[in-house]
Engineer: 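The following block contains the structure, expressed as structure tokens.
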There are 2 protein chains.
Amino acid sequence: MDMQRKDVHNSDTPVLCRACESRHRGVCGALLPEQLLQLSKHSSRRELEPGTELIGESTTTTSYSNIISGVVKLSKMMADGRQQIVGLQFAPDFLGRPFRAENGVSAEAATGVKVCSFPKHVIERFIGDMPELEHKLLEQTLAELDEARDWMLTLGRKTAGEKVASFLLLIATHAFPDNEEDSVTFELPMSRVDIADFLGLTMETVSRQLTKMRKDGVIHIVNNRQVEVPDLGRLSERAGF
Amino acid sequence: MDMQRKDVHNSDTPVLCRACESRHRGVCGALLPEQLLQLSKHSSRRELEPGTELIGESTTTTSYSNIISGVVKLSKMMADGRQQIVGLQFAPDFLGRPFRAENGVSAEAATGVKVCSFPKHVIERFIGDMPELEHKLLEQTLAELDEARDWMLTLGRKTAGEKVASFLLLIATHAFPDNEEDSVTFELPMSRVDIADFLGLTMETVSRQLTKMRKDGVIHIVNNRQVEVPDLGRLSERAGF
DNA sequence: CGACGCCTTGAACGATGTCAACGTGCGTGG
DNA sequence: CCACGCACGTTGACATCGTTCAAGGCGTCG
């Protein structure tokens, strides 16, 4: 029976990897079962509380990670404390800066986060040996670059209202990548302060823009974290599209 | 004699490639002379006036390019005309978005620019065949991502004065990558409007900040395009470091 | 010389930041 | 169970920075 063959085949892949999204859409998809097994010998799973720091901005790291679930925020800070979130990462993104000692950004769990971590040198050996893995990494890096540039337009040229709408849209599309409906309800993965740091605004401005959108009927705020968007098209317009 | 051997060896590499920076610091450094020769059969050199568009934002491209000299600006535009420059590229950067039909950004010559172009499918075959080439691409993409994230901090959190200082610093360091002196003189590769579009400001604000820095003695404006920085350290402070 | 492109300067306005008060939910300890 | 403190968010009044609109300067080219 087909099912059985599939089961047998599955049993080659390490237990921990079986249900892992990274094996499908993430970088581990480039690996054969036996390579996965070899890698998994050096991997360790961790579960992180919101707020836990994974990577320090000017520290060197000795490990890379795959995000299994949750949201990680990447941020930069100036000497006087001003902060900017420069990216959000979701499962099954790869976390870490290959080929460079220093990270340049800090990574912190925004929500509860599960990760699968590997020693730096193991990954780097794998990358050197397996062009397919490097290809996956290139694809992800290019996608991150696209997103960073989209966000630069948001930061540099949009109004506060458009910024907040853009943020909601970003979360909505990441939470439900292939949603076809007009309406969605979702949970914000971060606080007002974090949202402000992502948008280059203050917490107060974010709050005001949210209540404005609520009064205008573009969103419905269930509670501080839960947001309902009855019409994604209208939200899109608010975001400047 | 060593010189002779070197000359003989050099004669293997295509004439056009011999003096090209991309063979050293750029992606072509991953290629052997015979591969370079093969690639050069499909390459064409072009010289572009300032303002020439190389790539359209939502067009598909059929060729990639290496920048041989000059500065290329990458930008995004909103439906109502607001524009944001999301990156500057210098020699010997690689230009184009691999593995995706649409570009997502438009590329325009900021200064006079020389490029070396290749048909899309040729490059993509080369990438597939040569892990070393893909590695170079990954390195450049990671570097671009680092720069994009640095700039996000600038766009989101810096004041107008800090933004303009950051821009001058960026140009100064790219024009003279390994300058050790305190002082430099250089030519701005773009107009006030472009600078404003890069910094998320208006032309007027850029102008005001420049005259303020001139009055404060941080810079000396030789003419509209030529700027002298007597003390890079002081400029650095102005940029928020 | 005049027209044009590019830049600078000034004055008034408006969006966003700042500072401070207040609200709300939640856990903790009396 | 209530009272309290604390974290987080909202709202208001005012200040500030950057934009907008308008005028004028400067160099170049016909």
Side-chain angles (χ1 to χ4, degrees), chain A residues 49-51 73 78 80-84 108 110-111 154-168 187-216 219-227 238-240, chain B residues 49-51 73 78 80-84 110-111 154-168 187-216 218-227 238-240:
Chain A
E49 295 292 303
K73 52 187 211 222
M78 293 176 61
D80 61 7
R82 280 175 285 175
Q83 199 172 22
Q84 175 68 43
E108 185 181 314
T111 63
T154 300
L155 288 172
R157 287 304 184 201
K158 292 191 184 176
T159 65
E162 290 169 335
K163 284 181 178 181
V164 173
S166 299
F167 172 75
L168 293 177
E187 184 163 344
L188 299 177
M190 44 204 214
S191 70
R192 298 290 187 272
V193 176
D194 281 347
I195 298 173
D197 280 344
F198 193 27
L199 296 170
L201 299 171
T202 60
M203 197 197 62
E204 291 91 331
T205 302
V206 171
S207 178
R208 278 189 256 268
Q209 294 299 333
L210 283 172
T211 60
K212 182 157 183 297
M213 293 180 82
R214 174 171 56 74
K215 284 178 181 163
D216 294 352
I219 59 174
H220 179 226
I221 297 178
V222 183
N223 61 45
N224 284 341
R225 291 293 184 117
Q226 293 276 338
V227 176
R238 292 272 177 148
Chain B
E49 295 292 302
K73 52 187 211 221
M78 293 176 64
D80 60 7
R82 279 175 284 176
Q83 198 173 24
Q84 174 68 43
T111 62
T154 300
L155 287 173
R157 287 304 185 202
K158 291 191 184 177
T159 65
E162 292 169 333
K163 284 181 178 181
V164 173
S166 299
F167 172 75
L168 293 177
E187 184 163 344
L188 299 177
M190 43 204 218
S191 71
R192 300 288 187 273
V193 177
D194 281 347
I195 298 173
D197 280 345
F198 192 27
L199 295 169
L201 298 171
T202 59
M203 197 197 61
E204 292 91 332
T205 301
V206 171
S207 178
R208 278 189 254 268
Q209 293 299 333
L210 283 172
T211 58
K212 181 156 184 299
M213 293 180 81
R214 174 172 56 73
K215 284 178 181 164
D216 294 351
V218 181
I219 59 174
H220 179 228
I221 298 179
V222 182
N223 62 44
N224 283 341
R225 290 293 184 115
Q226 292 277 339
V227 176
R238 293 271 177 148

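Everything quoted here is computed from the prediction, not taken from an experiment. Below, chain A is the first sequence line, B the second, and so on; all start at residue 1.
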Engineer: Among C:dT16, C:dC7, C:dT9, which is the nearest nucleotide to the side chain of B:Glu204?
Structural biologist: C:dT9
Engineer: Rounding to a whole Å, what distance do you find between B:Lys215:NZ and C:dT8:P?
Structural biologist: 11 Å
Engineer: Answer yes or no: is there a side-chain heavy-atom contact under 4.5 Å between A:Leu168 and A:Arg238?
Structural biologist: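 The answer is no; the side chains never approach within 4.5 Å.
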Engineer: When you compare the side chain of B:Asn224 with that of B:Arg192, does any pair of heavy atoms fall below 4.5 Å?
Structural biologist: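 A side-chain contact under 4.5 Å exists here.
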Engineer: Rounding to an integer number of Å, can you tell me how far B:Met203 CE sits from C:dT9 P?
Structural biologist: 12 Å
Engineer: For B:Arg214 and C:dT8, give me the distance from atom CZ to atom P, rounded to whole Å.
Structural biologist: 8 Å
Engineer: Base, sugar-phosphate alone, or nothing: which one does A:Gly200 contact when heavy atoms must sit under 4.0 Å apart?
Structural biologist: sugar-phosphate
Engineer: Please determine whether side chain to side chain contact (heavy atoms under 4.5 Å, CB included) holds for the pair B:Glu162 and B:Arg157, giving the CA-CA distance in whole Å, both sets of side-chain angles, and the decisive distance to 0.1 Å.
Structural biologist: CA-CA 9 Å; B:Glu162 292 169 333; B:Arg157 287 304 185 202; over 6 Å; no
Engineer: What is the distance from CG of B:Leu201 to C1' of C:dT16, rounded to the nearest Å?
Structural biologist: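 Atom-to-atom, B:Leu201 to C:dT16, this comes out as 15 Å.
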Engineer: Calculate the interatomic distance between B:Asp194 atom CG and C:dG5 atom P; express it in whole Å.
Structural biologist: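 Taking CG of B:Asp194 and P of C:dG5, I get 16 Å after rounding.
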Engineer: So what does B:Leu210 touch, heavy atoms closer than 4.0 Å: a base, only the sugar-phosphate, or nothing?
Structural biologist: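 Answer is nothing: B:Leu210 stays at 4.0 Å or more from every strand.
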Engineer: Hey, where on DNA chain D does chain A first and last touch, going 5' to 3'? Cut-off is any atom under 4.0 Å from a heavy atom.
Structural biologist: D:dG9 to D:dA13
Engineer: Under 4.0 Å between a side-chain N/O of B:Arg208 and OP1 or OP2 of C:dT8, yes or no?
Structural biologist: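 Result: no.
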Engineer: Kindly say if B:Thr211 contacts the phosphate of C:dT9, meaning a side-chain N or O under 4.0 Å from OP1 or OP2.
Structural biologist: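 Yes, such a contact exists.
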Engineer: Any heavy-atom pair between the side chains of B:Phe167 and B:Met190 that's under 4.5 Å?
Structural biologist: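 Touching, per the 4.5 Å side-chain cut-off.
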Engineer: Can you tell me how far C1' of C:dG25 sits from CZ of A:Arg192, to the nearest Å?
Structural biologist: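 These atoms are roughly 14 Å apart.
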Engineer: Report the residue from B:Asp216, B:Leu210, B:Thr211 that forms a side chain to side chain contact (heavy atoms under 4.5 Å, CB included) with B:Arg214.
Structural biologist: B:Thr211
Engineer: To the nearest angstrom, how far is A:Ile221 atom CD1 from C:dG25 atom C1'?
Structural biologist: 16 Å
Engineer: Flag the pair B:Leu201 / B:Arg208 as yes when at least one side-chain heavy-atom distance between them is below 4.5 Å, and no otherwise.
Structural biologist: no
Engineer: Rounding to a whole Å, what distance do you find between A:Asn224:CG and C:dT24:P?
Structural biologist: 12 Å
Engineer: Distance check: side-chain N/O of A:Thr205 vs OP1/OP2 of C:dG17, anything under 4.0 Å?
Structural biologist: yes
Engineer: Going by heavy atoms in the side chains, are B:Lys163 and B:Thr205 under 4.5 Å from each other?
Structural biologist: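 Of all side-chain heavy-atom pairs linking B:Thr205 with B:Lys163, none is under 4.5 Å.
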